[in-house]
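When reading the values below, keep in mind they use all heavy atoms of this one structure, side chains included, and skip hydrogens, waters and symmetry mates. Index from 1, following the sequence.
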Amino acid sequence: MKSRAKVGALAAVVLMAPALGFLAASPAGAAASGPVVTAVNPVAAPSVTSSTASTTTPGGTTVTITGSNFTGATAVHFGSAAASGVTVVSNTTITATTPTITNSIGNTVDVTVTTGGGTSATSVNDEFTYPYNYTSASAFPEPSISLAASSPSALTGGSITLTANAPNDVGPSPDYGLSIVDVTNAAAPVAVGHIPAGKTVSASVSESAAQTRRYVAAYDACTVYPSPCPPGALETPVANDGGVSTPVTVAWSTPATPPVTGGYRLVASDGGIFSFNAPYYGSTGAMSLNAPIVGMAADPTTGGYWLVASDGGIFSFNAPYYGSTGAMHLNAPIVGMAEDPKTGGYWLVASDGGIFSFNAPFDGSTGAIALNKPIVGMTNDPGAG
């Protein structure tokens, strides 16, 4: 009884916790939220033709910046250069004139807004691309290079092909080759394709996360390929030089996932499914089973589900099949399963606590431990997997 009294007292303290939240309220006069840039229009300046090479590109383009918390803006920067003609139209709109910048690989810069609340964080939504100011109308022997993508976008995990073409063989030129360079990170651009001589180079590119990547093709000094090109690896601009392509942007997106319904499903021992505010993809209710169904799990990627029988047989409905124990001799029957939120695979558990992993990591089991009672179920850790 004494122990129970202590538990009850502790519970009372926990129930009072919400009252403490009142003391944590933000004091009056808290700092205002910082500015956020969500779009820049246009996203690139008109092309420039020059008969004289330069290491800089002039500005002069009027740009409209949209976002939030712009009231009281004190500065707008294109990369590290301050814009001129800044006008705060409203709390969500600013107009500004682009400044002159120093040429860099890709010539793409982040547009940031500074207010009393701080400076906007950078993202792919605030980027502006300058043309190169050393593309000559009579460029010889290095006309401008073209760069094309097999598709403007692809799903994460997929790939697209980039192809660069130069009218002249780069071999006879004083350059060091033709490269396709990922310029998203201007501080450490990466060459994804390179040839020391020839007119064409192709490269297959992919991303492991959903994000935007920008590429250019150039006559360059990327002799360290496939290592990252050091900043400034493009050749030094010279008169009548036209050795950089127009940037190409590839968008990477995650596969569409079904909407979260907040519903649930029940499964009977014959595999009959009962759905409540959750989509139905099928069942084993009409099948003759070798062993009864003892559990199910939802596929975190497709929204489908798996059923598992006591012999470890797996039945997939709108979900990938990764394997089963249906053909194995088990020391104890399967009693449950759980999905791996990180890999999309699943685990099975037997009544002795033995774990069977399918496209999911093995983190341990009680298969070798003498249990006082049999295991009857399992669940995953959504954070650690």
Just verifying a value: how many Å separate [X] [atom1] and [Y] [atom2], rounded to the nearest 0.5 Å?
X	Y	atom1	atom2	value
Asp182	Tyr215	CG	OH	4.5 Å
Thr57	Ile101	OG1	CD1	5.5 Å
Ile293	Ile334	CD1	CD1	12.0 Å
Thr122	His77	OG1	NE2	14.0 Å

Are the side chains of [X] and [Y] in touch, meaning some heavy atoms are under 4.5 Å apart?
X	Y	result
Ile180	Val201	yes
Asp340	Asn380	no
Phe70	Thr93	no
Val86	Ile94	yes
Thr284	Leu289	yes

Can you tell me how the ring of Phe128 sits relative to the ring of Phe78, calling it parallel under 30°, perpendicular over 60° and tilted otherwise?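 Geometry flag for Phe78 against Phe128: perpendicular rings.
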Can you name the closest pair of heavy atoms from [X] and [Y] and give their distance?
X	Y	value
Ser202	Thr163	OG-OG1, 3.1 Å
Val109	Gly79	CB-N, 3.6 Å
Arg265	Gly303	NH2-O, 3.2 Å
Glu127	Ser123	CG-O, 3.8 Å
Val248	Leu162	CG1-CD2, 4.4 Å
Val76	Ala96	CG1-CB, 4.4 Å

Of all residues at least two apart in sequence or in a different chain, which pass the side chain to side chain contact (heavy atoms under 4.5 Å, CB included) check with Ser269? Pro292
Test Asn41 against Val63 for side chain to side chain contact (heavy atoms under 4.5 Å, CB included), laying out the working first. CA-CA 6 Å; Asn41 184 41; Val63 172; 6.0 Å; no
Check each of Tyr346, Phe315, Tyr264, Phe317 against Tyr305 using the ring pair (Phe, Tyr, Trp, His ring centres under 6.0 Å) test, and report the only one that passes.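 With Tyr305 as partner, ring pair (Phe, Tyr, Trp, His ring centres under 6.0 Å) holds for just one option, Phe317.
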Can you tell me if [X] uses its side chain to pair, donor with acceptor, with the backbone of [Y] under 3.5 Å?
X	Y	result
Thr115	Gly117	yes
Ser283	Gly285	yes
Ser120	Pro35	no
Thr98	Thr61	yes
Asn318	Tyr281	no

Tell me if the OH atom of Tyr280 is crowded by more than 12 foreign heavy atoms within 6.0 Å.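 Yes, enclosed.
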I would like to know whether Thr92 and Thr66 meet side chain to side chain contact (heavy atoms under 4.5 Å, CB included); could you show each step before the answer? CA-CA 5 Å; Thr92 61; Thr66 56; 5.9 Å; no
What verdict does the side chain to side chain contact (heavy atoms under 4.5 Å, CB included) test give for Trp306 and Met296, after you've listed the backbone C-alpha separation in whole Å, the side-chain angles of each residue and the deciding distance to 0.1 Å? CA-CA 5 Å; Trp306 301 279; Met296 71 182 302; over 6 Å; no
Side-chain donor/acceptor pairs under 3.5 Å, residues 359-375, sequence neighbours excluded:
unit_1	atom_1	unit_2	atom_2	d
Asn359	ND2	Thr343	O	3.4
Ser365	OG	Gly367	N	3.3
Thr366	OG1	Asp352	O	3.1

Between the side chains of Thr38 and Asn125, is a donor N or O closer than 3.5 angstrom to an acceptor N or O?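 Side chains of Thr38 and Asn125: no pair found under 3.5 Å.
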With no hydrogens and no angle check, do the side chains of Asn91 and Thr71 hold a donor and an acceptor under 3.5 Å apart? yes
For a side chain to side chain contact (heavy atoms under 4.5 Å, CB included) with Met337, tell me which candidate from Val349, Leu307, Ile314 qualifies.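 Answer after filtering Val349, Leu307, Ile314: Ile314.
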Evaluate Val250 against Arg214 for side chain to side chain contact (heavy atoms under 4.5 Å, CB included), listing each step before the verdict. CA-CA 6 Å; Val250 178; Arg214 182 173 285 102; over 6 Å; no
Under a single-linkage definition using a 4.5 Å side-chain heavy-atom cutoff for Ile, Leu, Val, Met, Phe, Trp and Tyr, are Val335 and Val267 assigned to the same hydrophobic cluster? no
